[in-house]
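Here is the structure we will look at, set down as structure tokens.
In this text, all values refer to a predicted model and were calculated from it rather than measured experimentally. Every heavy atom of this structure was used, including side-chain atoms; hydrogens, water molecules and symmetry mates were not.
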Amino acid sequence: MTSTPARWRVVLAFAAVYIIWGTTYLAIRFAVETIPPFLMGGVRFVLAGALLYSWTRLRGVSRPDPAQWRPAFLSGVFLIFLAQGSVVWAEQYIASGLAAVLVGMVPIWMMALNWMRPGGQRPDGVLLAGVFTGFVGVIVLLAPWQAGTRDVPLLAALAVIFGSICWTAGSLYTRTLRLSTSHFQATAMQMLCGGAMLVVLGTVTGEWSGLSLGAVSARSAVSFFYLAIFGSIVALTAFTWLMSVWPPSQVSTYAYVNPVVAVALGWVLAEERLSLRMGIAVAVIVGSVVLVTMGKVSDRVQRVAHQPAADPGLALFEAADHV
């Protein structure tokens, strides 16, 4: 850090990361009420990627080499097509607050996969306790002993978990890549590639036949543009800037603030109710993420692990290397 940033800028940036990313889960639920999920997610990321890419070009960033698009496509498949696609599909059936809690486990998956990979770093006792606690929370949340009567749709919950693991694997894959001289342009390239794949999936599954612009509600339309502009661009910029001027350990607190914001909004605005068992599971999972963020790992691993997942804005390179 070369200078201390103005406090009002820091406050606004934290508000964007805490609140905007926390609200995107409910926005996804509202968007998929009348817009097919894969088309909604795909067009959203293509739009956001196109705007961000155009912005970088206007700022003088050179056009990426054709060879750079291949890793952008592969990372986009994991980070957008699989990870985000799983979440938008699942939110047709699962409460937005619970989706946020499951997505918030990305730091746990990051630590676990980083440990298991060849040459990975062994976590300390606090990290291990966090990982174990997180698994316990998921088991309590999914209640496998209540087959047929569980509160949380099992397939939808597993889809969110699958998406979170894909996000983690994609993040580890992209850590050593350099897709562009601009980290923002690299993010835009991933959005464009992954978003295009979601549009293809929506086309293959026949979602265009189920899409009627006249039937799209105002709430879904507003949510769609909110996700594209604020969720994928505004909060991304705030997160990127914070990671370059503020301690990563403090920025990473979004990982357990976002689920709390999402659960509260779902309860107030969408009448999403939590049973006592679900409430306990949520508290255990959020607590496990807190433990993971307290564990001892290298600063570089922490910066990669604390990247957002549910509606992350895809700050992969920004978090790992800074802008």
For Met278, is there any backbone N or O sitting under 3.5 Å from a side-chain donor or acceptor partner on Ser275?
yes
For the pair Gln92 (side chain) and Trp89 (backbone), establish whether a donor and an acceptor sit closer than 3.5 Å, ignoring hydrogens and angles.
yes
Provide the full list of ring pair (Phe, Tyr, Trp, His ring centres under 6.0 Å) pairs with a residue in residues 272-291, sequence neighbours left out, each pair given once.
none
Taking the side chain as every heavy atom from C-beta outward, state whether Trp208 and Leu39 have any pair of such atoms under 4.5 Å apart.
yes
Rounded distance (nearest 0.5 Å) linking atom CE of Met40 with atom CD1 of Ile28:
5.5 Å
For Phe162, is there any backbone N or O sitting under 3.5 Å from a side-chain donor or acceptor partner on Ser86?
no
Shared hydrophobic cluster for Val292 and Val126 (ILVMFWY, side-chain gaps under 4.5 Å):
yes
When rounded to the nearest 0.5 angstrom, what distance separates CZ in Phe132 from OG in Ser288?
11.5 Å
Taking Glu91 for the side chain and Val88 for the main chain, is one N or O donor matched with an acceptor at less than 3.5 Å?
no
If only atom types and distance count, is the side chain of Ser232 paired as donor or acceptor with the main-chain N or O of Ile229 below 3.5 Å?
no
Contacts of type side-chain hydrogen bond (donor to acceptor under 3.5 Å, both in side chains), residue Thr23, not counting sequence neighbours
Tyr226
Output the distance between atom CH2 (Trp167) and atom OG (Ser75), rounded to the nearest 0.5 Å.
9.5 Å
Answer whether the closest heavy-atom distance between the side chains of Phe224 and Leu47 falls below 4.5 Å.
yes
Taking all heavy atoms of Ala235 and all of Val17, pick out the closest pair and write down the distance.
O-CG2, 4.3 Å
Do any pairs count as a side chain to side chain donor-acceptor pair (under 3.5 Å) and have a residue in residues 10-20, sequence neighbours left out, and if so which ones?
Tyr18-Thr253
Membership question, hydrophobic clusters at under 4.5 Å side-chain separation (ILVMFWY): are Leu201 and Phe78 in the same one?
yes
Excluding sequence neighbours, so at least two apart, what forms ring-ring contact (aromatic ring centres under 6.0 Å, His included) with Phe135?
Trp109
Val284 and Val282: same hydrophobic cluster, using ILVMFWY side-chain contacts below 4.5 Å?
no
If you take all heavy atoms of Leu242 and Ala13, which pair is closest and at what distance?
CG-CB, 3.6 Å
So do the side chains of Glu207 and Leu211 get within less than 4.5 Å of each other, counting heavy atoms only?
no
Do Phe225 and Ile233 belong to the same hydrophobic cluster, where Ile, Leu, Val, Met, Phe, Trp and Tyr are linked whenever their side-chain heavy atoms lie under 4.5 Å apart, directly or via other members?
yes
Any side-chain heavy atom of Ile165 within less than 4.5 Å of one from Val106?
no
Closest non-hydrogen contact found for Ala281 with Val140 is CB-CG1, 3.8 Å
Residue pair Ala157 / Leu142: nearest heavy atoms and the distance that separates them
CB-CD2, 3.2 Å
State whether the number of non-hydrogen atoms from other residues, nucleotides or ligands found under 6.0 Å of Arg70 atom CZ is greater than 12.
no
CD on Gln190 to OG1 on Thr187, rounded to 0.5 Å
5.5 Å
Search all heavy atoms of Gly104 against all heavy atoms of Pro259 and return the closest pair with its distance.
CA-CG, 4.5 Å
Quick one: do the Ser217 and Ser220 side chains pair a donor with an acceptor below 3.5 Å?
yes
Less than 4.5 Å apart, side chain to side chain, heavy atoms only: is that true for Tyr254 and Ile19?
no
Is Gln185 close to Arg57 at the side-chain level, that is, under 4.5 Å between some pair of heavy atoms?
yes
Hey, does Trp267 have a side-chain heavy atom less than 4.5 Å from the side chain of Leu274?
no
In terms of hydrophobic clustering (I, L, V, M, F, W, Y; side-chain heavy atoms under 4.5 Å; direct or indirect links), are Tyr93 and Leu155 co-clustered?
yes
The reported gap from CD1 in Ile285 to CD1 in Ile280 (rounded to nearest 0.5 angstrom) is 12.0 Å
Do Leu192 and Phe45 have side chains that approach each other closer than 4.5 Å (heavy atoms only, starting at C-beta)?
no
Among Phe239, Trp241, Tyr53, Trp55, ring-ring contact (aromatic ring centres under 6.0 Å, His included) partner for Phe184:
Trp55
Atom CG in Leu26, atom CG in Leu227: separation rounded to 0.5 Å?
10.0 Å
Side chain to side chain contact (heavy atoms under 4.5 Å, CB included) between Leu98 and Leu102: does it pass, once the steps are laid out?
CA-CA 6 Å; Leu98 294 182; Leu102 294 174; 5.5 Å; no
To check you understand the geometry: which heavy-atom pair defines the closest contact between Val160 and Val103, and what is its length?
CG1-CG2, 3.6 Å
Any salt bridge (charged side-chain N to carboxylate O under 4.0 Å, His left out) involving residues 16-36? Give me the pairs, sequence neighbours left out, ordered by first then second residue.
Arg29-Glu272, Glu33-Arg219
Taking the hydrophobic residues Ile, Leu, Val, Met, Phe, Trp and Tyr, and joining any pair whose side-chain heavy atoms are under 4.5 Å apart, which ones share a cluster with Val222?
none
Determine whether the aromatic ring centres of Tyr25 and Trp21 lie less than 6.0 Å apart.
no
